[in-house]
Each structure stands twice: as C-alpha cells, then as structure tokens.
Amino acid sequence: MKSAASNSAHLTRNAAEEMPAGELKRKLLLAESENRALRVKLGLDPTAPDIHLGHTVVLQKLREFQDAGHKVVLIVGDQTARVGDPSGRSETRPVLTGAEILANAQTYEAQAALILDQDPARYELRFNSEWLDMSMDDLLGLVRTTTVAQLLEREDFANRYKSGEPISILELLYPLMQGYDSVAVQSDVELGGTDQTFNILLGRDIQRHYGVPEQAVLTMPILPGIDGVDKMSKTKGNEIAITAAPDEMFGRTMRLPDEAMESWFHLLAVAAPPQGTAPREAKASLAKALVERFHGEEAASAAEAQFNSQFVAHEVPDDVELFSIAADGEQVHLPSVLAEAFGISRSEARRLLEQGGVKVDGAQIAPEALDISCEALEGAIVQIGRRRFKKFKIVR
RNA sequence: GGGGGGAUGUCCGAGUGGUUAAAGGAGACGGGCUGUAAACCCGUUGGCUCUGCCUACGCAGGUUCGAAUCCUGCUCCCCCCA
C-alpha cells in the first residue's frame, strides 16, 4: 500500500474540491495509524438505474479509494425515493414502490460492479430506510440540527426563494436526511459531484450535532454530456450508458465536441494522447479507451473498425438486422413499410422520403416513389438517415 | 380567511372569437459541408386511406355560423395580504 500522503495527492488530482483543505490527508493518516480502512460514502438515487459515464466519474474515484485499501459504503436512498423528490418544478416524481426500488438498486449494483470492487472487505451496500424510517421524536431531533437560514445558504434554494418560486419542505428535508445517512454509517469521507457540495457539507454539521467525527468532503467536477454543454443525464439524452453497445458507445463518443474532450480525458481518467495529436485521432483514442473499459479490448477494436467503415468509408454495416415484410401484390407502400420496419409513424416516413433521407441499396429513393416493387426490396439494405439500417426480406 | 395570477405542441413561450396544426426560440430529425466535432446553409418537426380528412391549446359542459380565445362548473399550481 502506498503512503497516506501520496494517496492523498493521487485521490485529489482530478477532484473539484477537497473540504476542508487537507482534511482528506488527515483522515488517511489517521486510518493508517489506526491500521483501519476509511469508510467512504456515496448516496445513490434508486430512481435512475441506468448508470452512465457521468456517474462513473464518482464511481471511478470510489474505486481508487478501494484500491488504496479503503471501504466504500453505497447507500440506496430507498426512504427518500418513497417520498418522491419534488425538486425543480411542480412535477412531482412518481412515488416508487418498494419492489421497484429494490429492482433499481439491484440493477445499479450490477452495473456498479463493472467499476467497483465487490469484495465485502471493500464494499458495503445499505438502504437508508434502515435508519430514516424513524419516530417523530427522532425526526424532531434531526430537524433541530439545522436552521432555515442555513438551508437558504444553498444557492438554488436562495435563488428560488428570492424570485418567489416554490420550495417544498420535502426538498428542505433532503439535505438533512442525506446528512443523517453520514451519521448512521459513520462515514469518514463523502464523495459526490460538485452539485452535492452543500448537502455533503451539511452532513458534517449534522455529524457534529450527533457527536460523531465529521467526514472529509471530496467533490468531483460534473461531466458534460455528449453535447458538451449540459450535465450528462438521461433526460437530456446526452448520456452514454455504460451498458451501451460497443458501436454505440464509440459512435456517441465521436460526437463529443472538441472543447469537451479535455475534461472527458481528465474526469474519466483516460490517458490523454501526446500533445499535438489531431483532434479526431484524440477523440478516437478516447472512444476506444472507453469501449475497452466496459467491453474489453477486442470489442473496442471492432467498434473502431466498424465506425471507420460505416462513417468514414460510408460502407453498409455487416450486421444489419433482418426485417420481414408480408406482401401479397407486386408492390408495397413504402411509407407503411418503413414505418413498420423502423418504428416511426407513416407521416414521418413520408417526410424522410420527401427529404431524400431514404436509401435502398445505397441509392436514394425519389420523393414521389411511394410505392415500390417487391422485387427492388427483396434482400435490399434499406437505410434511413445516416445510421439506421434494415435488411428487407419479402414474405409471401 | 381575503385578494390576484396561471394551466398551450418534446421543452420554453406567443396568441384573448374567424386566413391557427397554432408566432418565436430550444431540442430533435433529414439534406448540404465535414472529422457522425464545432460553426454555417436549407428543410422538416400531431396522425392518417395526404391537393383531403381526423385529432389537438388542464377536465366537463354551454354560447356562437365559427372558440385556445367568451360563459359555467371542476381539478391542479403559483403569488401577495392576514
């Protein structure tokens, strides 16, 4: 095991902020002297089971803690999910049932296993209903730790309060619950994105009120999505799921704007190519490294080859899905066939035709060609747009 | 308890009786350019048996030749005063 000092430097190298300054190092030294592992906490939202690259920034950091001999404590926020977080607008989230939460947690755990070490000595999974399903007496005890003024320090609360937007009591309660999690699991360190800074810091205050040692705080920068602008999230559609197929993962990474590349290399801990590498080459190496991380080296090479063939050389992919059309006449109605084959509406298919977005065996179909002979479609590769393909088969 | 404001297409947001499938923007999609980058240009963006028809502006009724626009009731949301 490396020394606590060098570990500290390694762990903070690509972090956004360490709070209080030097606290992590002190914790590491303390653990070393007591010959024990630090308990490193991460809370997760059981409503979003699909882990994407954005989540992996923190998970990867947790892994580094594990590799340094420490213990990760994942907390599934099942209690909070049962309430339904009304954050943001008035759209209250659907309240999840216990079964759904459990299923989501399992999915999350299975996916996290791709990154985290599941060795029980290095890993612990807890559900916060274990301690948050508390009595009114205990709740009042928790609530007593914090004032409204403290909560209004949080920027988004303050802004909303000032501009007269609603803030639900439930939302105000969230940071308290999250903080109590830290008390309950005796966390030494809590990790999170920079958007969690306030909540994690409040955790320290709450720990102090309960007379337990205060956690060190380590925040990671937020990974931008493939649009290079917004935080990566499923709702924005700018995410890359870690379960995404190799080709998709590679292709979506290639769509990343150049400006966002540096932060991706940095935050996803991918070794950057030498200075002066052409942007396209650099991006390809990033894409390849990511596919390799989640699917292995072989899949990464294959994805790269596939990408070059399809998008650089404009060749038809070789694993095009087969689609059977039932036909009883000599001709078929193209909009209806396209709609069925690609899961779009007929109107949309018509639009694609009108705009020259449909190709049969590489040849663009004229907009007025609404009916097409079965002969022309038999065994043909039909393409809509740049990346959707189907191989047609006529069934009589 | 009192007063006021609001609910429009994927999202934001115009529209206060007729030329409104509904301005504008964002996003998305298609085409061009290209490095499936950015930027830029053009086009599309409810559905269908598509020169037409159907469905749509919180829900349910009503007035009218005609309503997203007016009236009634209902649901939900927000703000202010106390």
Side-chain angles (χ1 to χ4, degrees), chain A residues 84 86-94 159-171 224-240 244-265 273 277-288 290-291 303-317 329 331-340 342-360 362-371 382-389:
Chain A
S87 284
R89 310 273 160 179
S90 54
E91 299 150 27
T92 19
R93 284 191 201 170
N159 290 341
R160 284 159 64 190
Y161 186 65
K162 238 181 291 170
S163 65
E165 278 178 76
I167 301 172
S168 129
I169 303 274
L170 230 37
E171 288 177 77
I226 56 174
D227 55 6
V229 181
D230 293 316
K231 172 182 175 177
M232 183 175 282
S233 76
K234 202 174 179 182
T235 39
K236 280 273 177 191
N238 63 0
E239 87 285 10
I240 296 181
D247 289 353
E248 194 193 334
M249 193 178 270
F250 195 98
R252 282 175 82 78
T253 305
M254 289 305 283
R255 254 153 76 149
L256 184 72
D258 292 358
E259 305 78 68
M261 250 201 291
E262 197 189 326
S263 69
W264 274 45
F265 274 114
T277 304
R280 195 195 171 280
E281 296 316 309
K283 208 177 292 175
S285 76
L286 172 66
K288 201 172 172 183
L290 291 175
V291 177
E304 185 176 32
Q306 163 70 34
F307 180 85
N308 287 333
S309 145
Q310 186 176 338
F311 295 109
V312 180
H314 297 290
E315 290 164 354
V316 171
Q331 300 204 311
V332 286
H333 191 59
L334 212 39
S336 108
V337 170
L338 290 174
E340 215 185 315
F342 293 97
I344 56 180
S345 76
R346 293 180 186 198
S347 301
E348 196 177 348
R350 271 169 205 280
R351 269 179 234 128
L352 284 166
L353 280 165
E354 274 163 30
Q355 299 184 125
V358 179
K359 286 181 184 167
V360 173
Q364 200 174 65
I365 297 299
E368 59 276 10
L370 293 184
D371 293 301
V382 177
Q383 175 183 5
I384 63 173
R386 280 177 300 177
R387 49 178 181 273
R388 282 173 287 180
F389 297 88

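Chain A is the first sequence line, chain B the second, and so forth, proteins listed ahead of strands; every chain is numbered from 1.
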Before you tell me yes or no, could you show the steps for Asp258(A) and Lys283(A) under salt bridge (charged side-chain N to carboxylate O under 4.0 Å, His left out), namely the whole-Å CA-CA distance, both residues' side-chain angles and the distance that decides it to 0.1 Å? CA-CA 8 Å; Asp258(A) 292 358; Lys283(A) 208 177 292 175; 2.8 Å; yes

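Using Watson-Crick or G-U wobble geometry with both donor-acceptor distances under 3.5 Å, U36(B) finds no partner in any strand shown. Pair check for G1(B) finds C81(B); Watson-Crick or G-U wobble, both atom distances under 3.5 Å. Across all strands shown, the partner of C74(B) is G58(B), judged by Watson-Crick or G-U wobble contacts whose two distances both fall under 3.5 Å. In this structure U16(B) sits in no base pair that meets the Watson-Crick or G-U test at under 3.5 Å. In a base pair of the Watson-Crick type (N1 to N3 plus N6-O4 or O6-N4) or a G-U wobble (N1-O2 and O6-N3), with each distance short of 3.5 Å, A68(B) is matched with no nucleotide. Nucleotide A28(B) is matched to U44(B) when pairs are restricted to Watson-Crick or G-U wobble geometry with both distances under 3.5 angstrom.
Nucleotides G15(B) and C42(B) have their P atoms positioned 27 Å apart, rounded to a whole Å. As rounded to the nearest Å, U55(B) and A67(B) have P atoms that lie 13 Å from one another. One C1' atom belongs to G13(B), the other to A22(B), and the distance between them is 13 Å to the nearest Å. Rounded to whole Å, the separation between the C1' atoms of A23(B) and G32(B) comes to 28 Å. Nucleotides G30(B) and C80(B), compared at atom P, are 46 Å apart to the nearest Å. Across C76(B) and C41(B), the matching P atoms stand 47 Å from one another, rounded to whole Å. To the nearest whole angstrom, the two C1' atoms, one in G58(B) and one in G3(B), are 23 Å apart. Straight-line distance between the C1' atoms of G52(B) and G35(B): roughly 46 Å, to the nearest whole Å.
Between the CG atom of Asp227(A) and the C1' atom of A26(B) there is a distance of 12 Å, given to the nearest Å. Atom NE2 in His314(A) sits about 9 Å away from atom P in U34(B), given to the nearest Å. Following rounding to the nearest Å, Ile344(A) (CD1) and C48(B) (C1') show an atom-to-atom distance of 15 Å. Remark: P of G32(B) and NZ of Lys359(A) are 7 Å apart, rounded to the nearest angstrom. Distance Glu354(A) CD to C29(B) P: 19 Å, rounded to the nearest Å. As a whole-Å value, the separation of Glu348(A) CD from U10(B) P is 13 Å. Separating the CH2 atom of Trp264(A) from the P atom of A37(B) is a distance of 14 Å, rounded to the nearest angstrom. Rounded to whole angstrom, the span from the CZ atom of Phe389(A) across to the C1' atom of U36(B) amounts to 11 Å.
Between Ser345(A) and C48(B) there is a side-chain polar atom (N or O) within less than 4.0 angstrom of OP1 or OP2. Residue Arg280(A) places at least one side-chain N or O closer than 4.0 Å to OP1 or OP2 of U36(B). The phosphate of G30(B) (OP1 or OP2) has a side-chain N or O of Arg388(A) nearer than 4.0 angstrom.
Between Met254(A) and Leu352(A), the residue anchored nearer the 5' end of RNA chain B, judged by the nucleotide with its closest heavy atom, is Leu352(A). Sequence order on RNA chain B of the closest nucleotides to Met261(A) and Ser347(A) puts Met261(A) first from the 5' end.
Judged by distance alone, the side chain of Gln383(A) and the main-chain N or O of Gly385(A) form a donor-acceptor pair under 3.5 Å. Distance alone, capped at 3.5 Å, is enough to place a donor-acceptor pair between the Thr253(A) side chain and the Met249(A) backbone. Formation of a donor-acceptor pair under 3.5 Å by the Trp264(A) side chain with backbone atoms of Pro224(A) is found in this model. Using a distance-only test at 3.5 Å, with no hydrogens or angles considered, a donor-acceptor pair links the side chain of Asn238(A) to the main chain of Ser233(A).
Comparing G46(B), C50(B), U36(B) by their nearest atom to the side chain of Arg351(A) picks out G46(B). Closest to the side chain of Gln355(A), from the set U49(B), G43(B), G35(B), is G43(B). Ranking G47(B), A38(B), U36(B) by closeness to the Pro257(A) side chain, first place goes to A38(B).
Side-chain atoms of Asp258(A) come within donor-acceptor range of the base of G35(B), with a qualifying N/O pair under 3.5 Å. Evaluation of atom-type donor-acceptor distances gives a pair under 3.5 Å for the side chain of Arg387(A) against the base of U36(B).
Interatomic distance, Ile226(A) CD1 to Leu256(A) CG, rounded to the nearest 0.5 Å: 8.0 Å. To the nearest 0.5 Å, the span separating CZ on Phe342(A) from CG on Leu352(A) amounts to 9.5 Å.
Contact annotation for Lys283(A): base contact, defined as any heavy-atom pair under 4.0 Å involving a base atom. Within 4.0 Å (heavy atoms only), Val358(A) reaches no atom of the nucleic acid at all. Backbone-only contact: Gly385(A) has heavy atoms under 4.0 Å from sugar-phosphate atoms and none from a base.
Remark: of the listed residues Val291(A), Ile240(A), Asn308(A), Leu286(A), Val291(A) is the sole one forming a side-chain contact (heavy atoms from CB on, under 4.5 Å) with Phe250(A).
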